[in-house]
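Numbers restart at 1 for each chain; the letters A, B, ... are given by sequence-line order, proteins then strands.
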2 protein chains.
Amino acid sequence: MTTSRKTSFQDVQDEVIRRIQDRIWPQGSLLPTEFELAEEFGCARATVNRALRELAEKGIIDRKRKSGTRVVTAPVKQAVFEIAVVRHTIEERNADYRYALVHRSVDPIPAWLGARLDLPQGAQVVRVKCMHYADNRPFQFEDRWINIATVPDVVGADFSDRGPNEWLLEQVPFTDAEIAMTAVPADAQLSEFLAAPENTPLLQMERTTWLKGAPVTFVRMTYHPGYRMQTRY
Amino acid sequence: MTTSRKTSFQDVQDEVIRRIQDRIWPQGSLLPTEFELAEEFGCARATVNRALRELAEKGIIDRKRKSGTRVVTAPVKQAVFEIAVVRHTIEERNADYRYALVHRSVDPIPAWLGARLDLPQGAQVVRVKCMHYADNRPFQFEDRWINIATVPDVVGADFSDRGPNEWLLEQVPFTDAEIAMTAVPADAQLSEFLAAPENTPLLQMERTTWLKGAPVTFVRMTYHPGYRMQTRY
DNA sequence: TAGTGGTCTAGACCACTCT
DNA sequence: GAGTGGTCTAGACCACTAC
């Protein structure tokens with residue numbers, strides 16, 4: 001209605017959202033069929049389909065063949081956190097990024113991690129600890145294990161100039177991942193590197209990634225005190 | 001290739017992902033045009049379009065008119081946390097859910113919150129504190145402010161049997177929201193309700209929601225010690 | 001078995017943007 | 001100006017599922 005003369009899937013979506021918000025279609029109620037809506041809006045059924053399909057993916061409506069489309073009663077909303085490279089997170093805040101390598105070694109995998117990743121005893125990993133600073137103030141402490149079997153080239157990477165997160169992103173373009181967020185007390189090491197008294201509550205993110213089922217890396221990223229991980233949805 | 005004879009958008013998507021993972025299309029490289037891919041896969045351009053559009057939404061490829069489609073170099077991956085009602089989170093873990101109201105009052109909005117929500121001094125809010133238990137063990141402490149102007153019916157809700165989160169979901173079917181996660185030390189109140197020593201690190205989620213631009217509620221949800229918020233992507 | 005959503009097609013026009 | 005993705009159409013067939 002604004003610039004184009006045809007009804008776009010976006011127009012349909014906006015109107016559907018409006019009707020849900022205005023309780024014209026209350027929670028639990030049945031929407032008209034795609035065919036009926038297409039008639040009403042004067043567009044093709046495919047257009048209505050795309051509009052409704054996206055709303056279903058967002059968890060706002062529930063669609064079932066034969067039964068039809070219903071407004072969800074207790075929507076399970078999805079919060080999307082963008083997980084970028086630390087450097088980008090920092091530069092987005094208009095702060096200067098600095099990286100420092102703390103430790104690098106090649107070790108056999110620790111038992112607890114081997115169990116977690118389903119890797120045999122004696123599997124070799126590269127262990128890297130490093131710091132990320134924003135305007136020269138501690139931002140994040142990174143403690144990482146990289147599976148040499150999956151990423152053989154890691155043996156030749158020394159990580160003195162650039163963090164393993166950026167390096168890995170270039171080596172392994174696309175992975176599955178699992179992440180978890182917890183609150184942990186600062187231990188001696190974290191306390192030192194993040195310049196916080198011991199036992200200060202810190203936000204910690206753990207991430208495991210796989211490439212086609214093969215474990216790539218496990219990492220613990222601990223943020224400076226007071227860090228807020230924020231998003232809109 | 002499995003059951004259907006036509007090439008589905010899913011087939012196209014899987015093959016594109018495979019080629020990116022196998023470095024047939026390395027990071028930064030240009031993909032064939034939709035038309036060329038449609039020819040190769042023997043399907044309509046719309047099918048290729050849907051496959052690629054979804055990958056672009058996931059941040060795996062980058063599409064620009066005229067320039068074409070490229071494999072993203074440093075993918076900004078998105079972690080999706082499902083934010084459901086606490087009761088569902090608990091019941092999904094096969095635990096018994098129990099709710100307890102701790103406090104309910106009608107107050108003028110605190111200055112710090114008024115500033116945050118862009119509400120005038122003296123605006124009335126309902127303040128609710130409550131506890132959610134899993135198998136009778138503290139799971140989450142909820143501290144909430146509800147804007148009476150946006151949800152007038154809240155005045156008549158006493159929240160003695162059911163948490164304000166569930167009530168609000170029924171009243172306000174669809175909202176915008178902003179959430180933030182932090183690590184906080186247990187203060188006297190949290191320590192008491194969550195059965196944790198003072199200063200124990202706790203994971204806290206803050207959420208603000210709006211309905212069509214009008215603030216609905218602000219809530220702080222603090223989890224029991226050791227809680228992990230987890231997801232795959 | 002019939003109704004509803006899920007998907008694909010072949011074609012068309014449009015909008016952005018690089019040259 | 002021209003190439004590429006973005007979207008819409010009208011129709012078709014399929015797949016699931018409530019009846």
Is the ring pair A/Y223/A/F139 parallel, tilted or perpendicular, if the boundaries are 30 and 60 degrees? perpendicular

Does the side chain of B/T69 get closer than 4.0 angstrom to OP1 or OP2 of D/dG5 through an N or O atom?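 Yes.
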
So what does B/R50 touch, heavy atoms closer than 4.0 Å: a base, only the sugar-phosphate, or nothing?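 Sugar-phosphate, no base atom in range.
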
First encountered from the 5' end of DNA chain C, between A/R63 and A/K66: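 The residue mapped nearer the 5' terminus is A/K66.
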
Specify the residue among A/R53 and A/G68 whose closest nucleotide of DNA chain C lies further upstream toward the 5′ end. A/G68

With respect to the side chain of [X], which nucleotide from [options] is positioned closest?
X	options	value
B/S67	C/dA15, C/dT4, C/dC18	C/dC18
A/S8	D/dA12, D/dT7, D/dG3	D/dT7
B/T33	D/dA12, D/dG5, D/dT9	D/dG5
B/R65	C/dA15, C/dG5, C/dA10	C/dA15
A/N49	C/dC18, D/dC8, C/dG5	C/dG5

Taking [atom1] from [X] and [atom2] from [N], how many angstroms apart are they, rounded to a whole number?
X	N	atom1	atom2	value
A/F35	D/dA12	CZ	P	13 Å
A/D11	D/dT7	CG	P	12 Å
A/E57	C/dG5	CD	P	16 Å
B/D62	D/dG6	CG	P	10 Å
A/Q10	C/dC14	CD	P	20 Å
A/L30	C/dG3	CG	P	15 Å
A/L52	C/dT4	CG	P	14 Å
B/R45	C/dC13	CZ	P	13 Å

Do A/R63 and A/E34 meet the salt-bridge criterion of a basic N to acidic O distance under 4.0 Å?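 A salt bridge links A/E34 with A/R63.
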
Does any donor atom in the side chain of A/Q204 or A/T222 lie under 3.5 Å from an acceptor atom in the other side chain?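 Per modelled atom types, A/Q204 and A/T222 side chains form a pair under 3.5 Å.
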
Does a donor on one side chain and an acceptor on the other come within less than 3.5 Å for B/H132 and B/E142?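 Side-chain D/A pair, B/H132 to B/E142: present.
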
Is B/R98 close enough and on-axis enough to B/Y133, meaning under 6.0 Å and within 45°, for cation-pi?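 The answer is yes, since B/R98 meets both limits relative to B/Y133.
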
Tell me which of B/E34 and A/F9 sits closer to the 5' end of DNA chain D, going by the nucleotide each one is nearest to. B/E34

Pick the closest DNA chain D nucleotide for B/P32 and for A/K64 by heavy atoms, then say which residue is nearer the 5' end. B/P32

